[in-house]
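See below for the structure under consideration.
Within every chain, numbering begins at 1; the chains are lettered A, B, ... in the order of the sequence lines, protein sequences first and strands thereafter. Worth saying up front: this structure is predicted, and the values here are computed from it rather than measured.
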Number of protein chains: 2
Amino acid sequence: MKVNTIIRGDCIEELKKFPENSVDLIFADPPYNMQLKNALYRPNNTKVDGVDDAWDKFGSFSEYDEFCITWLKECKRILKDTGSIWVIGSYHNIFRVGNIMLNLGFWILNDVTWYKTNPMPNFLGTRFTNATETLLWCSKGEKYKKYTFNHKMMKKYNGDKQMTSVWQIGLCIRGERLKGDDGKKAHSTQKPEELLKRVILSTTKQGDLVLDPFFGTGTTGAVAKKLNRNFIGIERETAYITLAKKRINAIRVMFPEAEWEEEEIIK
Amino acid sequence: MKVNTIIRGDCIEELKKFPENSVDLIFADPPYNMQLKNALYRPNNTKVDGVDDAWDKFGSFSEYDEFCITWLKECKRILKDTGSIWVIGSYHNIFRVGNIMLNLGFWILNDVTWYKTNPMPNFLGTRFTNATETLLWCSKGEKYKKYTFNHKMMKKYNGDKQMTSVWQIGLCIRGERLKGDDGKKAHSTQKPEELLKRVILSTTKQGDLVLDPFFGTGTTGAVAKKLNRNFIGIERETAYITLAKKRINAIRVMFPEAEWEEEEIIK
DNA sequence: TATAAAGGTGAATCCGCAC
DNA sequence: AGTGCGGATTCACCTTTAT
């Protein structure tokens, strides 16, 4: 299988082509099915640039469920017994996704809270500021206990204290946020590299294969490369693929944390 | 309906006796179905006193689901159109509960993260420290928009900054933790009063009726009384009821925050 | 009496292998 | 599938005991 590449195509169709037990880690950032109805305005009357992409539209819960059941089933099939899977979502979709994953036999290891240091406030004062997204980290099933978890490395990364399931990380903004030719954000839901860094650093070894079925602008690939991991991305939209390729090819720097693992291997 | 009382009986049977549209707020802390298998020991060889109560045992996911569908349906029926419901859970159950609530038409307003300041570590280094529980705050449905939310009060309570969906609160320990005659914790999952304080303060008015279908040792009732709200608790176990009654009868002090609302009403 | 050391504990899906 | 055992493993508090 060719690695460090982006496959252009439909997520489900492409996942079906993977052999069983072939992937070490899956990171999935699926559509959230946000069900946004009306435009949202800030107090100063400027419009909030929300997620209204066609790919985030589903007709009903069951349509969204069907979609998730299908791609998650394929993920389970192609995941190695020692592998694990991460899925990120918000309250709009994570309870449906989590329920499906449990029904498919995935075994939840942690529900990690991405605690945003700079969330968008609730302008109308109708709710608490929605300051989190949730990452579900799961092994292939209850009996698969040999999943990779670099406990000591994450402890070191966290200042010699065991890392908790709450990760305080800022939104992906400014220089890190990819812009299109029009100067606007190229992807509506680009994730911060720090998030992927913790995911990949904690649950893979160097040389492992990381698969991202919703590759977008390639944050997973960029971080995998910086950490000496192999990656495969699946993405439908050519515009995203173009940006991701450019981004990943430009990477020359390695995160120093990638070397920490070597120490463990030598020891 | 008699308020400020504890009903002894089965949660579902008792909920069925409530009239429609009669309750302002529901706080539910249902069994989590933790599925604990073996004993767990700390590195110093002391045994962790885990949750092994009979009330937390369910035969299967579908058995647990059926239970939750039934009591949540009743909750929806008896909730006022201006009311809202909170359900707390961990990753063991919250994805099933959340999925069911969505299917029943509840409308998620926030998924609040209880970020524990002093969680129990993962002793064997097999996962991240599980540092959170999740509270789902929902209105009766998408079209019910007149739910109570004391935005200004919570902002004041939070040092004049809008409160976010992440609440850093310690575990219920020491003096606050109710003990039995044997000196051991009376209830295995007693919640901190600070958690209920934020729930009741933010989403009810003085004099409102708060219902807790899994009353336990009565944290909801105690906080409701301190905040000048009425409460009804449903609880099956006599031992818990005895403790809760004693606890609530002993309360003479009011949380000063209860008075804040009067200011709003006067204004 | 003051300070230090030791002990207790919390909604926890917490190991791996040999026999 | 169950049992037994060697070995690696923890954070923030507060309470109790020791120096």
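Side chain of B:Gln190 to backbone of B:Thr219: no donor-acceptor contact under 3.5 angstrom is found. Looking at B:Asp212, its side chain never comes within 3.5 Å of a backbone N or O of B:Gly221 through a donor-acceptor pair. Side chain of B:Thr217 to backbone of B:Tyr240: no donor-acceptor contact under 3.5 angstrom is found. Checking side-chain atoms of B:Asn130 against main-chain N and O of A:Ser165 turns up no donor-acceptor pair under 3.5 Å. Panel note: side chain B:Asn158, backbone B:Asp160; no donor-acceptor pair is recorded below 3.5 Å. Within the 3.5 Å criterion, the main-chain N or O of A:Ala258 finds a donor-acceptor partner in the side chain of A:Gln206.
Counting non-hydrogen atoms of other residues, nucleotides and ligands closer than 6.0 Å to NZ of B:Lys47 gives a total of 12 or fewer. Annotation: B:Arg8, atom CZ; neighbour count of heavy atoms from other residues, nucleotides and ligands within 6.0 Å does not exceed 12.
Base contact: B:Asn122 has a heavy atom under 4.0 Å from a base atom. Across all strands, B:Glu133 comes closer than 4.0 Å to base atoms (heavy-atom distances). Within 4.0 Å (heavy atoms only), B:Gln35 reaches at least one base atom of the nucleic acid. The residue B:Arg174 sits close only to the backbone: its heavy atoms come under 4.0 Å of sugar-phosphate atoms, none of a base.
Using cut-offs of 30° and 60° on the angle between ring planes, the pair A:Phe214 and A:Trp71 is perpendicular. Using the six-membered ring where Trp is involved, B:Phe231 and B:Phe215 have ring planes that are parallel, under 30° apart on the 30 and 60° scheme.
Salt bridge present: B:Arg198 and B:Glu194 bring a charged side-chain N and a carboxylate O closer than 4.0 Å.
If you take atom P in C:dG10 and the same atom in D:dT9, they sit 25 Å apart, rounded to whole Å. Spacing of P atoms, C:dC19 relative to D:dG7, comes out at 15 Å, to the nearest Å. When the C1' atom is compared between D:dT17 and C:dT1, the two are found 15 Å apart, to the nearest whole Å. Nucleotides D:dA8 and C:dC17 place their P atoms 14 Å apart, quoted to the nearest Å. To the nearest whole angstrom, the two P atoms, one in C:dG16 and one in D:dT10, are 16 Å apart. Going from the P atom of C:dC14 to that of D:dG2 covers 16 Å, rounded to whole Å.
B:Arg96 pairs by the salt bridge (charged side-chain N to carboxylate O under 4.0 Å, His left out) definition with B:Asp65, not counting sequence neighbours. By the ring-ring contact (aromatic ring centres under 6.0 Å, His included) test, B:His92 is found to be paired with no residue, residues two or more places apart in sequence or in another chain being considered.
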Checklist entry - Which string of ( ) [ ] | and . matches DNA chain D, if you list each base 5' to 3' and count Watson-Crick or G-U pairs only when both distances are under 3.5 Å? => result .|||||....|||||||||
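Residue pairs meeting the salt bridge (charged side-chain N to carboxylate O under 4.0 Å, His left out) criterion with at least one partner in residues 239-250 of chain B, sequence neighbours excluded, are B:Glu193-B:Arg247. Within the structure, side-chain hydrogen bond (donor to acceptor under 3.5 Å, both in side chains) pairs that include any residue of residues 106-117 of chain A comprise A:Lys116-A:Glu133 (at least two apart or interchain). Among residue pairs with one or both ends in residues 69-83 of chain A, those qualifying as salt bridge (charged side-chain N to carboxylate O under 4.0 Å, His left out) are A:Asp24-A:Lys80, A:Glu74-A:Arg77, A:Asp81-A:Lys140; sequence neighbours excluded. Within the structure, salt bridge (charged side-chain N to carboxylate O under 4.0 Å, His left out) contacts touching residues 171-189 of chain B (residues at least two apart or in different chains) are B:Asp49-B:Lys185.
Of the residues near DNA chain D, B:Thr117 and B:Leu124, the one whose nearest nucleotide (by heavy atom distance) lies more toward the 5' end is B:Leu124. Between B:Lys116 and B:Gly125, the residue anchored nearer the 5' end of DNA chain C, judged by the nucleotide with its closest heavy atom, is B:Lys116. Each of B:Thr126 and B:Ser90 has a nearest nucleotide on DNA chain C; the 5'-most of these lies closest to B:Ser90.
Along DNA chain D, the stretch of nucleotides lying under 4.0 Å from any heavy atom of chain A spans, 5' to 3', D:dT9 to D:dA12. For DNA chain C, the outermost nucleotides in 5' to 3' order that have an atom under 4.0 Å from a heavy atom of chain B are C:dT9 to C:dC15.
Nucleotide D:dT9 is shown with an anti base, its glycosidic torsion being more than 90° from 0.
Closest non-hydrogen pair, A:Ser84 versus A:Leu79, comes out as O-CD1, 3.6 Å.
A heavy atom lying under 4.0 Å from DNA chain C marks the following residues of residues 185-194 of chain B, by number: B:Lys185, B:Ser188, B:Thr189, B:Lys191. Within residues 93-111 of chain A, the residues that place at least one heavy atom under 4.0 Å from DNA chain C are, in residue-number order, A:Trp107, A:Ile108. Taken residue by residue, residues 45-61 of chain B places heavy atoms nearer than 4.0 Å to DNA chain C at B:Val48, B:Asp49, B:Gly50, B:Val51, B:Trp55, B:Asp56.
No donor-acceptor contact under 3.5 angstrom links the side chains of A:Trp137 and A:Thr203, judged on distance only.
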